[in-house]
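A quick write-up on the structure given underneath.
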Amino acid sequence: MSLNRELADCFEQIADLLELTEANSFRVSAHRRAARVIADSTEDFAALAEDKKSLMAIEGIGQKVADKIVEYVHTEKIAERETLLEEVPSGLLDVLKIPGVGPKTVRLLWQDRGVTCLADLEQAIEDDTITDLPRMGAKTVENMRKAIRFASKETERIPLGVAASIADVLVERFEKMKAVKRVVCAGSLRRGKETIGDLDLLIATKAPDEVSETFRTMPEVEEVLAAGATKSSVRLLADVDGRKRRMQVDLRVIEEASFGAALMYFTGSKQHNVRLRERAQKQKLTLNEYGLFPEDGEGAAPQKRGVKPVAAKSEEEIYAALELPYIAPELREDRGEFDLSAAPRLVEVQHIKSELHAHTTASDGRLSIEELAREAKARGFHTIAVTDHSKSQTIAGGLSPEALRKHIAAIRRANETVEGIAILAGSEVDILPDGSLDYDDDLLAELDVVVASPHWSLKQDAAKATPRLIRAIEHPLVNVIGHPTGRLINRREGLTPDIREVIAAAKEHDTALEINAHWMRLDLRDIHVRAAVEAGAFIAIDCDVHSASDFENIRFGVATARRGWLPKDRCVNTWTAAKLAKWLKKNRS
Ligand SMILES: [Zn+2]
Ligand SMILES: [Zn+2]
């Protein structure tokens, strides 16, 4: 009778899969009912399948279900199930088994947050990136967390935004200590990498014992891994936005006189430091974490032999002594920075004067148009674009064409009432799988700005993804391509188009490519930005604002831009209001 069990499971699974694809609810319940009938029956369905009529005589078994039973008995497969499994990641069926997590929620997690299996969900809970979804209060998430047995995640690299929150707390704490002269978090965090291993905290002080003791007894310390005179290591269990995070932090206590050398050494990258030391050698100098010293042929550790350094106090003077321009931390990856004859004028956070990608309560944002505008104005912006979701984004409250027309009118009114900032009417319009857009052109033409973004069909291969993105780029009314690949860091690869072709099209059609500043996305990524800079395309750095705090993510977007060597003037958000408005007009009459 185990065939009955198999059949029942099969129909139950088809029902789940149908539900995850938002199929007609009658189809879903027909399969559920069949599963229940089969599971509850004492009849042998293998035998019943010999005669379809006897199957259909059973209440709850219609003709289509009967066909599938016959199919399974003969082939051990149901074609419909195979097709659905191609469409829906099978790991979602595990997610669906978590108590209290219904198909609507799972679909939302999948489509909106890229969750495709239990491991993904654990990560999303860790990252606290799901509590802003509907029906996903802190309590629900806590219950989910309990339901999933946590595997140890301590070895995984932590997203930049999370590591930065922890670092901010530490830096602020030690800055308040009287004995402390300087505090910097070095390492890959300072270089703005998208994920971080450990934190490297450097502190200049004349009271190393006091500082080290304070460090090792911080309330977040879960375990002291090392405790030396100038170096300590701890593992923290820190609270980030209400979530517990484990992270290793190494402290180095340094004398102020050699702070620059230590900062350079512990900022890295390894490859950059190797090149620096080679360069020093060629100039008959020795570079280490204590300074740049004359090579006296007496062996290592010149600082211990009282040799006076050529430079040590600041990074600037060390680079100068090595006959290099100052190289910003984000550039220190041995990606050509040693060929620079002058420091490039890279974009900085304070250069950003507009936000071109923001959602309001009209779709899935938390701010009204006016609140959004005031937040932007308070940050010194001259322009904010309201770009709510388009009609296909039903989960995110995408606007129907009629709703968008009303929304445009509301935005125009708000633009009259809120002074000191231009509020633009826009849309984050979906790029459909074939590259067409989710609204008609005459509606798009009524807008001031169009951000076109891919949100689904993100597993397309390059042969489809490249023309898809290029078609949107070529559209005369599109100004910005939002999060062009749709990737989610550590969780979803997203589209993998031929990025050079995409960039060439963007350059040709005067369409900007976005760096989505959310630390979960950072899309475009640094190497894509670099290619865009080399091709001469424009970049928009946008926070994809859903709530006021999202504006704070700009620093991660700017860090990514700088890692891609983006000069200020190639970033459209740094332009004056007039220059930006002129560019946005594009082919609008
Ligand atoms: Zn989007
Ligand atoms: Zn958005």
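Computation of the quantities below employed the complete heavy-atom set of this structure, encompassing side-chain atoms and omitting hydrogens, waters and symmetry-equivalent molecules. In each ligand, atom 1 is the first atom listed, and ligand 1 is the first ligand listed.
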With Trp565, the side chain to side chain contact (heavy atoms under 4.5 Å, CB included) member among Glu534, Glu337, Arg570: Glu337
Note, Leu469 side chain near Thr466 side chain (heavy atom, < 4.5 Å): no
Protein N/O/S count near the Zn ion (ligand 1) (criterion: distance under 2.8 Å): 3
Interatomic spacing from CH2 in Trp110 to CH2 in Trp456 - rounded to 0.5 Å: 11.5 Å
Residue pair Ile130 / Ala124: nearest heavy atoms and the distance that separates them: CG2-CB, 3.8 Å
Backbone of Val450 reached by a side-chain donor or acceptor of Asn479 within 3.5 Å: yes
His483-His455 aromatic ring centre distance below 6.0 Å: yes
